Amino acid sequence: MSFSLDLVGPRAGIAPSNYRATAAWLDSGERRLGLALLLGLLALFPFVAGDYLVYLACVAAMTVVSVIGLNILTGYTGLLSIGHAAFNGIGAYSCAVATVKFGWPFWLAVPFGGLMAAFAGLIVGLPSLRIKGLYLAIATLAAQYLFLFAAQHWESVTGGDRGFQVAPASFFGIRLDSDMRLYWLIMPVTVLMCLAAHNLFRTRIGRSFIAVRERDYSAEVLGIDLLRTKLLAFAIASFYAGIAGALMAYFFKVVNPEQYTFTASIFQLTAIIVGGLGSVLGSILGALFMVAVPEILKAVVSALAGADAVKGAIMLASARELVFGLLIVGFLLFEPFGLAEIVRRARVSLQMWPFKT
Amino acid sequence: MNLFIEYSMVGIASGGMYALMALGFVLVFKGTGVFNFAQGELMMLGAYIFLSVNQLAGLHWSIALLATVLFALLTGVLIERTVLRALAGQPLLSIVMATVGLGLVLKGAAGLIWGQEQRTLPELVPRKPIFIGDILIPGAVFWSFVISMAVIAACLLYFRFTRGGVTMRAAASSQVNAYAVGINVPVISALTWGLAAAAGGFAGVLLAAINNLTPHLGDLALSVLAVLIVGGLDSLAGVIVGGLIIGWLQSMTGAYLGGQYREIMPFIVVLAVLLVRPHGLFGRKEIERI
């Protein structure tokens with residue numbers, strides 16, 4: 001199997017003449033311009049968009065962080081995890097407990113959530129030396145259910161099924177209690193995490209992840225310590241999930257087991273398949289797409305169901321499952337490298353225009 | 001002590017149902033090397049088909065059962081032809097996710113067609129309790145045990161003594177050699193899927209007749225993971241032994257640790273077995289030292 005390494009190599013038509021130019025990733029004027037434009041747009045967005053769009057942007061941003069983590073583990077390292085939402089949950093609960101019970105500020109609580117999740121990831125990853133493939137996937141599934149069980153029954157810490165409320169974060173006396181204000185916490189973190197993930201795959205560690213995915217015993221022969229690499233992949237992926245979970249705790253203002261179920265794990269797996277396995281751009285596109293689809297469905301279903309809100313809600317749940325399933329199967333059959341591959345093709349043909357590729 | 005024996009008997013008897021639910025997983029895994037996450041949804045679909053034929057069309061339950069099994073068989077063949085065959089040779093992730101996606105499609109479609117409300121199937125198994133000495137076993141548990149064992153025994157006999165069964169085993173043990181002796185492997189794969197789906201549909205009807213029927217019936221299949229891992233993913237005998245062990249363990253945890261541990265016990269067993277003996281009691285060991 002091979003996946004495209006988007007954005008890592010130099011752009012077509014550029015011939016780097018020294019090592020610095022080869023290693024640069026903002027290697028062309030339009031790439032620098034594109035990044036600057038994107039950052040500018042993200043900074044302007046909350047001033048232009050309405051409340052609901054800002055809310056959606058925050059949800060999408062947190063999904064992006066978590067999905068990048070899953071893609072690092074599953075797309076880049078080839079270790080299938082069907083329990084990613086459990087790490088979101090561990091991050092969220094850790095952050096919430098640190099905020100509510102220890103009274104920590106958010107700039108300690110959010111990294112704490114990430115680190116706790118990373119630690120849990122190490123534990124779940126430990127069997128990966130002995131078991132792999134399907135068996136590892138089943139182990140992560142079991143870990144998911146163990147997490148849910150702990151969240152439901154370890155009531156002194158987690159508050160059981162009802163969960164508990166999280167006090168809003170505050171930054172130099174400004175309470176981050178509205179979506180508009182939280183945007184300025186969530187979006188910078190998301191951008192940083194995206195850039196970090198992108199850079200990861202330009203380093204020795206990131207490349208060794210890909211080597212492990214392609215053929216683990218060849219990687220071992222090349223001198224890559226398999227257990228260390230796999231554990232590191234688990235830790236980094238869970239760290240991303242934990243950060244996303246910690247942000248979710250502040251954003252939704254409540255943590256409970258319902259947010260971090262098996263369904264949420266499948267949702268994120270769908271996002272990396274739709275977006276593109278082994279691609280940071282794909283993770284971003286996939287997460288955005290998966291946040292947008294339910295919104296579109298909501299509009300369609302409410303048009304179909306009319307005024308009956310209860311019937312509409314029931315229909316929506318089933319319609320979501322149906323559409324997510326169709327998306328998974330459809331992308332696997334017809335566009336296995338996902339939206340990232342579509343973008344890549346579009347970009348190449350744009351660069352080559354008027355010639356055919 | 002008497003109580004212990006009673007819980008054990010009930011647990012082992014309820015393990016029969018687990019074994020039947022696990023049968024479809026094993027058939028597909030053994031035959032085609034695919035772990036089918038949609039097996040639970042195939043069970044759910046079977047139960048709804050039975051319900052529709054039996055209650056809406058008003059046909060006798062035996063005809064409805066026959067129709068269900070046939071429909072499930074066709075669904076299995078269709079899934080293999082359209083999705084799994086196209087993904088042959090793809091990485092594990094694609095194949096696993098394709099079955100997860102299929103499961104979602106079936107669940108969503110069932111929700112849209114039949115709605116979310118709970119349905120009750122006619123009583124197929126007698127509820128009258130059975131007494132063995134002093135020990136009381138609920139009728140539904142006892143009869144589902146008997147039916148499950150009969151179905152699995154029929155499967156074992158089929159694989160042992162019929163031409164079709166032997167061909168399937170040949171194709172499962174080595175595709176290349178099976179081709180070499182003139183077996184049509186693609187047809188066998190499709191048939192394997194059909195057979196597994198039929199077993200799933202049958203298990204679904206039985207399960208829904210004992211519990212109730214909602215589009216979430218398939219979620220129960222995940223608790224069968226423990227049965228599969230204990231018995232070995234590709235062993236029919238393992239299904240029976242694993243099912244009985246898990247049924248017994250579940251009854252024991254329910255009796256002595258409390259009800260909430262019942263649901264989590266299978267997953268703890270899964271983790272423990274995966275760490276100690278990943279191929280289970282009877283599964284084929286794949287030797288790979290990395």
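Heavy-atom basis, side chains included; hydrogens, waters and symmetry copies ignored. From a predicted model like this one, the values you see are computed outputs, not experimental measurements.
With a 4.5 angstrom heavy-atom cutoff, Val276(B) touches chain A only via backbone atoms. Neither the backbone nor the side chain of Phe331(A) comes within less than 4.5 Å of any heavy atom of chain B. The contact between Val83(B) and chain A is made by backbone and side chain atoms together, counting heavy-atom distances below 4.5 Å. Only the side chain of Leu80(A) comes within contact range of chain B, judged by heavy atoms closer than 4.5 Å. For a residue to count as touching a neighbouring chain, one of its non-hydrogen atoms must lie under 4.5 Å from one of that chain's; by this rule Thr82(B) touches chain A with the backbone only. Only the side chain of Ile328(A) comes within contact range of chain B, judged by heavy atoms closer than 4.5 Å. For Leu274(B), the parts lying near chain A are the backbone and the side chain together; criterion is any non-hydrogen pair under 4.5 Å. Proximity to chain A (any heavy atom under 4.5 Å) is shown, for Leu106(B), by neither the backbone nor the side chain. Contacts between Ile229(B) and chain A at a heavy-atom distance below 4.5 Å involve the side chain alone, from C-beta outward. Heavy-atom distances place both the backbone and the side chain of Leu134(A) under 4.5 Å from chain B.
Inter-residue side-chain proximity for Gln144(A) and Phe267(B) is flagged as unmet; no heavy-atom pair is nearer than 4.5 Å. Val239(B) has its side chain out of reach of Phe25(B): every pair of non-hydrogen atoms, C-beta onward, lies at least 4.5 Å apart. Between Leu213(B) and Tyr48(B) the shortest side-chain heavy-atom distance falls below 4.5 Å.
Residue Gln250(B) holds its CD atom at 13.5 Å from CD1 of Ile245(B), rounded to the nearest 0.5 Å. Atom-to-atom distance recorded for Tyr135(A):OH and Leu233(B):CG is 4.0 Å, nearest 0.5 angstrom.
Taking non-hydrogen atoms and a 4.5 Å limit, the residue list of residues 153-161 of chain A in contact with chain B, ordered by number, reads His153(A).
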| task | Quick one: do Val270(B) and Tyr145(A) satisfy side-chain contact (heavy atoms from CB on, under 4.5 Å)? Show the steps, please. | result | CA-CA 11 Å; Val270(B) 164; Tyr145(A) 278 95; over 6 Å; no
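Between chain A and the options Pro266(B), Gly103(B), Ser94(B), Ala86(B), heavy-atom pairs under 4.5 Å are most frequent for Ser94(B). When the candidates Val323(A), Ile314(A), Leu146(A), Ile266(A) are compared by the number of heavy-atom contacts under 4.5 Å with chain B, Leu146(A) comes out ahead. Among Ile138(A), Leu136(A), Leu326(A), the residue with the largest count of heavy-atom pairs under 4.5 Å with chain B is Ile138(A).
Put simply, the residue from Leu122(A), Val124(A), Leu126(A) that forms a side-chain contact (heavy atoms from CB on, under 4.5 Å) with Phe234(A) is Val124(A).
The salt bridge (charged side-chain N to carboxylate O under 4.0 Å, His left out) check on Asp219(B) picks up Lys107(B), with sequence neighbours excluded. Under the side chain to side chain donor-acceptor pair (under 3.5 Å) criterion, Glu41(B) pairs with no residue at all, not counting sequence neighbours.
A salt bridge (Lys or Arg N to Asp or Glu O under 4.0 Å) check over residues 326-336 of chain A, counting only residues at least two apart or in different chains, returns the pairs Glu335(A)-Arg345(A).
Counting only distance, with no hydrogens or angles, the side chain of Arg85(B) and the backbone of Pro186(B) share a donor-acceptor pair below 3.5 Å.
Annotation for Leu226(A) and Glu220(A): closest pair CD1-OE1, 3.6 Å, computed over non-hydrogen atoms.
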